[in-house]
Student: 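Starting off with a structure, shown below.
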Amino acid sequence: MIKINENYLKLQASYLFAKIGKRATAHQAAHPDQEIIKLGIGDVTRPLPDACIQAFHKAVDEMAHGKSFRGYGPEQGYDFLREKIAQTDFKDRGADIEADEIFVSDGAKCDTGNIQEILSTDIRVAIPDPVYPVYVDTNVMAGRTGACHKGRYDQIIYLEGSRENGFIPDLPEQPVDLIYLCYPNNPTGATITKEQLKVWVDYALENKALILYDAAYESFIRDAALPRSIYEVEGARQVAIEFRSFSKTAGFTGTRCAFTVVPKECRAYTSDGAEHSLYDLWYRRHTTKFNSVSYPVQRAAEAIYSPEGQSQSRALIEYYLKNAALILEEVGSMGFDCIGGQNSPYIWVDCKMGSWEFFDLLLNKAGVVCTPGEGFGQCGRGFIRISAFNDFENVQKAMQRMADVLG
Ligand code: MLT
């Protein structure tokens, strides 16, 4: 008899963004003439930078000729891309990361989900609340949790975020082995300083713990004092794996390209305490289960690092940050307390009622889709997240409609 992985039965009904998508689709079917504006899932709407398009086309043309055609590429990604990443994103910022510590992939979502496969199932996992749901769900799937009660899984140590702590949780009171952190934060838009991040790095060093650091939104940082990478903090090479993505940096959500950094010093242990390199384990996993990203996509990603690509992708981020500034201003003037939106594409709004209730109100009365904070965890109750990823005209229209309903 073939048996299922029963951990899947512990999962809450559906993935958050699938649930929101379904509600929006049902609403659209019932109101076919209403134009719905989506400020829910953080999906980009602007075209790829021209430098990426040019490189993409050129690489596709290379595939049309025997001499320049490419078959399987290196599993870890082409050197031409990994070297640019190491230099521009890390060395130029004083973070000591080598090209061969970078693993190119098709998404930070997949990588943050897959990475826990190289860790034991009996570790103690600390996950912020509110949080990007992938971290929780993938640990449930792997069997690191018990059942779910009122939205919380037994055995997960929840690191609570609140308005009071600025959504930067305190260190856990009980010992933990694996810690998820994401800054600029999804969903709250909160940012972390180097000093605050150092507290977590020091904790991990002292406790032989590992930090999974999701920096998918680092390109939105405009405050030069904020760290863009955890490796800007001393000691992080030994205790942190970092996830990056070109999805939001350069509009690659549909093109798919990201990378994970696993420093060679990063260690974890067997149950008898013997030290092992996480790099070796991830290398083994990645080369066994993945054949990297297509050649044209990696060439398009490489073009982000050209002078034109840098200025065009920066302009893209500025565009979304202008949306974020407008949302922050308008929603604030409607009398709601907001955080985020300054070094982040997300605005986290205290909506003064149940977050699904507010979601339904906005959808039904204004035709605007947001994300209910509760979908990111218990501490998200009473909040909604508004995404700045849309065209400016749509954001203006959405703000006007919200003001008409709520103002
Ligand atoms: C979000 O809306 O939280 C993100 O777009 C989800 C993702 O990047 O997978």
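All values below come from the heavy atoms of this structure, side chains included, with hydrogens, waters and symmetry mates left out. Counting from 1, the numbers follow the sequence of the chain as shown.
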Student: Supply the atom-to-atom distance H276 NE2 to C266 SG, rounded to the nearest 0.5 angstrom.
Tutor: 14.0 Å
Student: Side-chain donor-acceptor pair under 3.5 Å between Y153 and K10, yes or no?
Tutor: no
Student: Does OH belonging to Y283 count more than 12 external heavy atoms closer than 6.0 Å?
Tutor: no
Student: Can you check whether F167 and F383 have ring centres sitting under 6.0 Å from each other?
Tutor: yes
Student: Charged N to carboxylate O under 4.0 angstrom, R23 versus D360?
Tutor: yes
Student: CD/Q298 to NZ/K84 distance, rounded to the nearest 0.5 angstrom?
Tutor: 12.0 Å
Student: Is R163 salt-bridged to D337, cutoff N-O under 4.0 Å?
Tutor: yes
Student: Show your reasoning for whether salt bridge (charged side-chain N to carboxylate O under 4.0 Å, His left out) applies to K264 and D100.
Tutor: CA-CA 9 Å; K264 296 224 167 126; D100 69 346; 2.6 Å; yes
Student: Measure the shortest side-chain to side-chain distance between R267 and K208 over non-hydrogen atoms and say whether it is less than 4.5 angstrom.
Tutor: no
Student: With a 4.5 Å heavy-atom cut-off, do Y132 and K109 have their side chains touching?
Tutor: yes
Student: Does the separation of the ring centres of Y180 and Y213 fall below 6.0 angstrom?
Tutor: no
Student: As a test of understanding, state which of F56, Y72, Y78 forms a ring-ring contact (aromatic ring centres under 6.0 Å, His included) with Y295.
Tutor: Y78
Student: May I ask you to test the V104-L81 pair for a side-chain heavy-atom distance under 4.5 Å?
Tutor: yes
Student: Does R93 qualify as a cation-pi partner of Y231, given the criterion of NZ or CZ under 6.0 Å from the six-membered ring centre and within 45 degrees of its axis?
Tutor: no
Student: So does E35 have more than 12 non-hydrogen atoms from other groups sitting under 6.0 Å from CD?
Tutor: yes
Student: Checking side-chain polar atoms at under 3.5 Å, does Q196 have a donor or acceptor matched by the opposite partner on T193?
Tutor: yes
Student: Using atom types as modelled and distance alone, determine if a side-chain donor or acceptor of S311 lies under 3.5 Å from a backbone N or O of E308.
Tutor: yes
Student: Do any N or O atoms from the side chain of N185 and from the backbone of A190 form a donor-acceptor pair under 3.5 angstrom?
Tutor: no
Student: Within 45° of the axis and under 6.0 Å from the centre of the six-membered ring of F80, does NZ or CZ of R299 qualify?
Tutor: yes
Student: Does either side chain, that of Y320 or that of N390, offer a donor lying less than 3.5 Å from an acceptor on the other one?
Tutor: no
Student: Rounded to the nearest 0.5 Å, how far does NZ of K38 lie from CD1 of I20?
Tutor: 11.0 Å
Student: Can you tell me how the ring of H286 sits relative to the ring of W282, calling it parallel under 30°, perpendicular over 60° and tilted otherwise?
Tutor: tilted
Student: Does the side-chain hydrogen bond (donor to acceptor under 3.5 Å, both in side chains) test come out yes or no for D111 and S105, once each step is laid out?
Tutor: CA-CA 7 Å; D111 285 352; S105 79; 2.7 Å; yes
Student: Checking F336 against F358 for the ring pair (Phe, Tyr, Trp, His ring centres under 6.0 Å) test, could you report, in this order, the C-alpha distance in whole Å, the side-chain angles of both residues, the deciding distance, and whether it holds?
Tutor: CA-CA 12 Å; F336 294 97; F358 197 84; 5.7 Å; yes
Student: For residues D92 and Q87, is any side-chain donor paired with an opposing acceptor at under 3.5 Å?
Tutor: yes
Student: Is it true that R144 and D122 have a side-chain N and a carboxylate O under 4.0 angstrom from each other?
Tutor: no
Student: With a 4.5 Å heavy-atom cut-off, do I97 and K91 have their side chains touching?
Tutor: no
Student: When you check the gap from the basic side-chain N to the acidic O, do R237 and E101 get nearer than 4.0 Å?
Tutor: yes
Student: One thing to verify: whether K289 and E117 come together as a salt bridge, which I'm taking to mean a side-chain N less than 4.0 angstrom from a carboxylate O.
Tutor: yes
Student: Compare all side-chain heavy atoms of N186 with those of W348 and state whether any distance is below 4.5 angstrom.
Tutor: no
Student: Indicate the atoms forming the closest heavy-atom contact of G367 with R401, along with that distance.
Tutor: O-NH1, 3.4 Å
Student: How long is the gap from CD1 on I339 to CD1 on I347, to the nearest 0.5 Å?
Tutor: 10.5 Å
Student: For residues P187 and F376, determine if any side-chain heavy atom of one lies less than 4.5 Å from a side-chain heavy atom of the other.
Tutor: yes
Student: Can you tell me how far apart CD (E62) and CZ (R70) are? Round to the nearest 0.5 Å.
Tutor: 6.0 Å
Student: Do F69 and H65 come within less than 4.5 Å of each other through their side chains, counting heavy atoms only?
Tutor: no
Student: Without hydrogens or angle criteria, can the side chains of T191 and N343 be said to hold a donor-acceptor pair below 3.5 Å?
Tutor: no
Student: Does the pair R222/E318 count as a salt bridge with the N-to-O cut at 4.0 Å?
Tutor: yes
Student: Please report the interatomic distance NZ(K397) to CG(D391), rounded to the nearest 0.5 Å.
Tutor: 10.0 Å
Student: Do we see a donor-acceptor contact under 3.5 Å between the side chains of E242 and T260?
Tutor: no
Student: What pair of heavy atoms forms the shortest contact from Q310 to I304, and how long is it?
Tutor: NE2-O, 2.9 Å
Student: Looking at R82 and D79, does any basic side-chain N land under 4.0 Å from a carboxylate oxygen?
Tutor: yes
Student: Any luck finding a side-chain donor-acceptor pair between T112 and D214 under 3.5 Å?
Tutor: no
Student: When you measure from the centre of the six-membered ring of Y217, is the NZ or CZ of K248 under 6.0 Å away and within 45° of the axis?
Tutor: no
Student: Side chains of V176 and Y203: does their closest heavy-atom pair fall under 4.5 Å?
Tutor: yes
Student: Pick from F103, F243, F246: which one makes a ring-ring contact (aromatic ring centres under 6.0 Å, His included) with F259?
Tutor: F246
